[in-house]
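Chain letters run A, B, ... following the sequence lines, proteins first, then strands; residues in each count from 1. Values in this document were obtained by computation on a predicted structure and should not be read as measured data.
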Amino acid sequence: MAKLPKAFYCGADVISIARQLLGNVLVTRIGGEITSGMIVETEAYQGVTDRASHAWAGRRTDRTEIMFGEGGKAYVYLCYGIHHLFNIVTNQKEIPHAILIRALEPIQGIGVMLRRSGKEKPEHTLTSGPGSLSRALGIDRRLHTGESLTGKNIWIRKGKRTLKTSEIVASTRIGISYAGPDAYQPWRFHIRGNPWVSRAKGLDPGEKIKGRPTTRLL
DNA sequence: CGACCGATCGTCT
DNA sequence: GACGATCGGTCGA
């Protein structure tokens, strides 16, 4: 199966790329063990102009440096001291766009995923949610940050078919109520009706706006 | 169900 | 010294 090429990640429109990623397959190979899952939920982060982005206002630190490089590499950071969240860097050098992968539908190596996650059955929580999917696929900040997505440790394989527009739902991003106006941007995408999409436990307080839907069909 | 809370540590101020 | 692009557990209605 064909890996998505580097050029795919270097595109200028991070929103479009976040939508196109749905239906493709994230694969890791660690110590000879292959695990994979179909991407069913993503969030786009628009760099320096996006208050929810780690690179907002041009913040450039050791942690975020990788985002300022060329697209097609992994940005993995530690959240709440526990979870490794997996992002894909997009766009050209000096434009720090990124896409967070929030949920997968397990495909390959389910036994390995269960072992890593300490679970017995492939229930919804195995790969639903950014922290959970990283644990299942063995994604680790120290192991994967800076890794090329066209290399042999972690990559994205083209899915079997292209999704119809009507199968993609846009909504507000999760857990970023600190981002002010940008908390209302409909930059979270998921596959309509897919059971592996993460459960937004309830919208952030700031997301509850009168007269404006937080989820809409594109 | 929903609300709340503790875990746990790298990163930034 | 404070705080997270989270998760899983508990508690009460």
Please state how far atom [atom1] in [X] lies from atom [atom2] in [N], giving the value in whole angstrom units.
X	N	atom1	atom2	result
Y80(A)	dG8(C)	OH	C1'	14 Å
E43(A)	dA5(C)	CD	P	11 Å
H84(A)	dC7(C)	NE2	C1'	14 Å
I82(A)	dG9(C)	CD1	C1'	13 Å
R63(A)	dC9(B)	CZ	C1'	12 Å
E65(A)	dG10(B)	CD	C1'	17 Å
Y75(A)	dA5(C)	OH	P	9 Å
L126(A)	dC7(C)	CG	P	12 Å

* Quick one: do R19(A) and E167(A) satisfy salt bridge (charged side-chain N to carboxylate O under 4.0 Å, His left out)? Show the steps, please. => CA-CA 11 Å; R19(A) 295 180 47 183; E167(A) 292 178 279; over 6 Å; no
So [X], base contact, sugar-phosphate only, or nothing? Heavy-atom distance under 4.0 Å.
X	answer
G131(A)	sugar-phosphate
L78(A)	sugar-phosphate
L85(A)	sugar-phosphate
R135(A)	sugar-phosphate

* Crowding at CZ, R29(A) (>12 non-hydrogen neighbours, <6.0 Å) -> no
* Is K158(A) atom NZ crowded by more than 12 heavy atoms from other residues, nucleotides or ligands, each under 6.0 Å away? -> no
* So what is the 5' to 3' dot-bracket string for DNA chain B, if pairs are Watson-Crick or G-U wobble with both distances under 3.5 Å, crossing pairs use [ ] and | means the partner sits on another strand? -> |||||||.||||.
* Verify the stacking flag for Y45(A) against dA5(C): centroid separation must be under 5.5 angstrom and the ring planes must differ by under 30 degrees. => yes
For [N] and [X] - does any side-chain N or O of the residue sit under 4.0 Å from the phosphate oxygens OP1/OP2?
X	N	value
K119(A)	dC7(C)	no
Y178(A)	dA5(C)	yes
R102(A)	dT6(C)	yes
R199(A)	dT6(C)	no

* Going by the angle between their ring planes, with limits at 30° and 60°, are W196(A) and H124(A) parallel, tilted or perpendicular? -> parallel
In terms of side-chain heavy atoms of [X], which of [options] is nearest?
X	options	answer
R141(A)	dT6(C), dA5(C), dG10(B)	dG10(B)
R59(A)	dC7(C), dT13(B), dA5(C)	dT13(B)
M67(A)	dC7(C), dA5(C), dG8(C)	dA5(C)

* To do: Please check if the side chain of H84(A) supplies one atom and the backbone of R141(A) the other of a donor-acceptor pair under 3.5 Å.
  => yes
* Asked: Given that H83(A) and R142(A) both sit by DNA chain B, which one's nearest nucleotide is further toward the 5' end?
  -> H83(A)
* 5' precedence on DNA chain B between C79(A) and T61(A) (nearest-nucleotide basis) -> C79(A)
* Just checking, R63(A) and Y75(A): is the charged tip under 6.0 Å from the six-membered ring centre and within 45° of the axis? -> no
* **Residues E41(A), R188(A); criterion salt bridge (charged side-chain N to carboxylate O under 4.0 Å, His left out); working and verdict** => CA-CA 7 Å; E41(A) 181 179 351; R188(A) 167 177 176 242; 2.9 Å; yes
* Strictly under 6.0 Å, is that where the ring centroids of Y77(A) and H54(A) end up? -> yes
